[in-house]
Amino acid sequence: MSNGGPKAPKDPTKKRPSIFVLYDKTIEAYKMPEGGSASPLFLDNKRLANYAKTIGRVEEEATLELLNSAEGFRKLVHSIGVSVACENTTQEAEFVLHMNGASDMFESGTKHVTKVVTNGSEVEIPLSDIDWYGDDVCVGRFLFRFASDWEVATINVCLYLNDGYTAPEFIPDAPVDFESGAYKEMIAKSFVSLGNNVRLKRAIEKAKAGEDVTVAFIGGSITEGAGATPSQKTCYSKVAYDRFCARFGTGDNVHYTKAGVGGTSSELGMIRYERDILSRGAKPDIVVVEFAVNDEGDETKGDCYETLVRKILFSDNAPAVILLFSVFENDWNLQERLSPVGVRYDLPMVSVRDAVVEQFYLPAEVGRVISKNRFFYDIYHPTSDGHRIMADSLDYLFAQADAAPTGAEPDYEALETVFRPEFVNVRLLDRKDGFAGAEISCGGFTETDADLHYVEMNLDNYRTPVLPHNWMATEESGDEPFVIKIKSPYLLVITKDSGKLEFGKADIYVDGEYVLTADPQAVGWTHSTAQIAYRGKENTVHTVEIRRNPETKDKKFTILGFGYEAPEV
């Protein structure tokens, strides 16, 4: 009787040496600007090599260097193993290997699409089966496409190596024991300072009494929820809010505001505070400020950060301010620059860096709580586990503030500033909510740009465009500059960055003198950048002109808005 099997089964194929660059990684798909639903994982700027180092344990520099170029990648890698696991195990997803091209980073490189069934089984893609383009520079991203929005999946990507190359044995990291004593000790190390707890205690007591309390969060992409999956449920702000509700709430009296915008610093944060926090309804009782890994992009090196802090502290309803210092995969943040603001104003401060970095380097066998691979989604953003650690660190602060006696009422007005926070009265001026005292001539900037950075605000299950009321010049716009005449002692110009080659530079002139050139290609992806056109001038009318640079005068350029001194506060 036949058992249904082959009479002469083949010997198993010997597996090649391999490097996991993604392992048991949870992703979430969202609507893409170009259409469809997908989750992109960006790999350029040596990020692929970094994954090989942190996840695959590769230490040989020569191997890592090969992953930084298209030529080296093809020399090293024989095939790519991909698996995708979803709750629905019968659907098909698409895996896209997207190479960055020399002539156009997003459009001209190789794009190879492979169908993958979402049951967790591996599909192996030989590189010899791929039709390579001639101008590939490096691996740009892996893209996972799905039939439905907000699909959550667990993925693995393994690089199988060509003959002559070796790789270390892969040993998965142990999961985090969130109930262990070592975990709780780690969380306690995040506590930098309780500071003056009067305002925080006031919010806690209001919540306990059943009064309405709003907890707000403002920051960059980590506050937006990047790396958390699903982001709106497991990002640190939502989990910290949930912890606060569980500790102090009496039902539905505690409310939530989340205003994270990826790739932006407190230079833009101080401008959008009214729109993204105050205009959402109830004035916040607590505001968590998270810019410790974004403010390298703040050209003032602290002025804008202190401005934002003072803007919140001096609000009519006197909210509590908590400074949260997150961390990058290379153990870096700006805590040393920014924490003096917290010391000067005696604010509660929490440092994720202080909690996790020391134990990242402990061997697993001697008590490591969490590895870098478990904490980081990529080199910038935490995983859901990392977001939970951030939330637990804030929750530890909430508990300490509740248990401590109430301090004396602070006198913030009497304190000398740390930096030059001269922008406290800054407001947003855009095409929708202009300033009546400004005289604007659009010139060739007559169109509205809809291809913008989109973010998930608050508990929204959709993505909102950042600064949609803008002015855009196109190829056919002509040479007429955008001119704004405004009475303000300073002016910040907010422009759109883009990786698309159809966008070019613009030159900015103040009172007839050239001051700077805004280059949308400097960063290479679609988001918003604020730059100071002028500051420290007399509070009289100044004329600012924005002209497309002669080198790229036929290309697009988008002005997203301005930050100016509000005449009445």
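Note: hydrogens, waters and symmetry copies are ignored here, and every other heavy atom, side chains too, is used.
In this structure, Trp525 has its ring center closer than 6.0 angstrom to the ring center of His453. For Tyr23 and Phe170, the distance between ring centers is under 6.0 angstrom. For Phe95 and Phe144, the ring centers sit closer than 6.0 Å to each other.
Contacts of Asp136 classified as salt bridge (Lys or Arg N to Asp or Glu O under 4.0 Å), with partners at least two apart in sequence or in another chain: Arg74. Every residue was checked against the salt bridge (Lys or Arg N to Asp or Glu O under 4.0 Å) condition with Lys46, not counting sequence neighbours, and none meets it.
Counted by atom type alone, Ser148 and Glu151 present one or more donor-acceptor pairs between their side chains at under 3.5 Å. Between the side chains of Thr448 and His469, no donor N or O sits under 3.5 Å from an acceptor N or O. Ser371 and Asn373 share no donor-acceptor pair across their side chains, judged by distance under 3.5 Å alone. Between the side chains of Gln335 and Ser351, at least one donor N or O sits under 3.5 Å from an acceptor N or O. For the residue pair Tyr256 / Asp242, no side-chain donor-acceptor distance below 3.5 Å is found, with atom types taken as modelled. Neither side chain, Ser265 nor Asp298, offers a donor N or O lying under 3.5 Å from an acceptor on the other. In summary, the side chains of Ser103 and Ser108 do present a donor paired with an acceptor at a separation below 3.5 Å, with no hydrogens or angles considered. At a cut-off of 3.5 Å, with distance as the only test, a side-chain donor of Asn156 or Ser83 sits close to an acceptor on the other residue. Counted by atom type alone, Tyr361 and Asp331 present one or more donor-acceptor pairs between their side chains at under 3.5 Å. Remark: the Ser384 side chain and the Thr234 side chain contain an N/O donor-acceptor pair separated by less than 3.5 Å. Residues Lys258 and Gln232 have side chains that bring a donor and an acceptor to within less than 3.5 angstrom of each other.
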Item to complete: Go through Asp378 and Arg47 one step at a time and tell me if the salt bridge (charged side-chain N to carboxylate O under 4.0 Å, His left out) criterion holds.
Response: CA-CA 8 Å; Asp378 54 25; Arg47 280 179 278 197; 5.6 Å; no
Practice prompt. Take Glu296 and Arg337, measure what salt bridge (charged side-chain N to carboxylate O under 4.0 Å, His left out) needs, and give me the verdict at the end.
Written response: CA-CA 10 Å; Glu296 188 62 23; Arg337 177 201 291 175; 3.7 Å; yes
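Summarising the geometry of Glu28 relative to Val152, their closest heavy-atom pair is CG-CG2, 4.3 Å, with the distance given to 0.1 Å. Of all heavy-atom pairs between Val466 and Val261, the closest is CG2-CG1, 4.0 Å.
A salt bridge is defined here as a Lys NZ or Arg NE, NH1 or NH2 lying under 4.0 Å from an Asp or Glu carboxylate O, and Glu456 with Arg463 meets this definition. With respect to Asp295 and Lys301, no salt bridge is recorded, no charged nitrogen being found less than 4.0 Å from a carboxylate O. Salt bridge annotation for Asp177-Lys184: absent, with no cationic side-chain nitrogen under 4.0 angstrom from a carboxylate oxygen. Remark: Arg368 does not engage Glu358 in a salt bridge, criterion side-chain N to carboxylate O under 4.0 Å. Salt bridge absent: Glu124 and Arg16 never bring a charged side-chain N and a carboxylate O closer than 4.0 Å.
Pro172 is not listed as a side-chain neighbour of Asp24, based on a closest heavy-atom distance of 4.5 Å or more. The shortest side-chain heavy-atom distance between Gln531 and Leu516 falls under the 4.5 Å cut-off.
Atom-to-atom distance recorded for Thr54:OG1 and Asn50:CG is 5.0 Å, nearest 0.5 angstrom.
Cation-pi check for Arg388 over Tyr236 is not met; the charged atom does not lie both under 6.0 angstrom from the ring centroid and within 45 degrees of its normal. By the 6.0 Å and 45° rule, Lys505 does not stack over the aromatic ring of Phe557.
Taking the six-membered ring for Trp and thresholds of 30 and 60 degrees, Phe178 and Tyr183 have ring planes more than 60 degrees apart, a perpendicular arrangement.
The list of salt bridge (Lys or Arg N to Asp or Glu O under 4.0 Å) pairs with a residue in residues 55-71, not counting sequence neighbours, reads Arg57-Asp173.
When the shell of 6.0 Å around OH of Tyr133 is examined, it contains 12 or fewer heavy atoms from other residues, nucleotides or ligands. Counting non-hydrogen atoms of other residues, nucleotides and ligands closer than 6.0 Å to CD of Glu551 gives a total of 12 or fewer.
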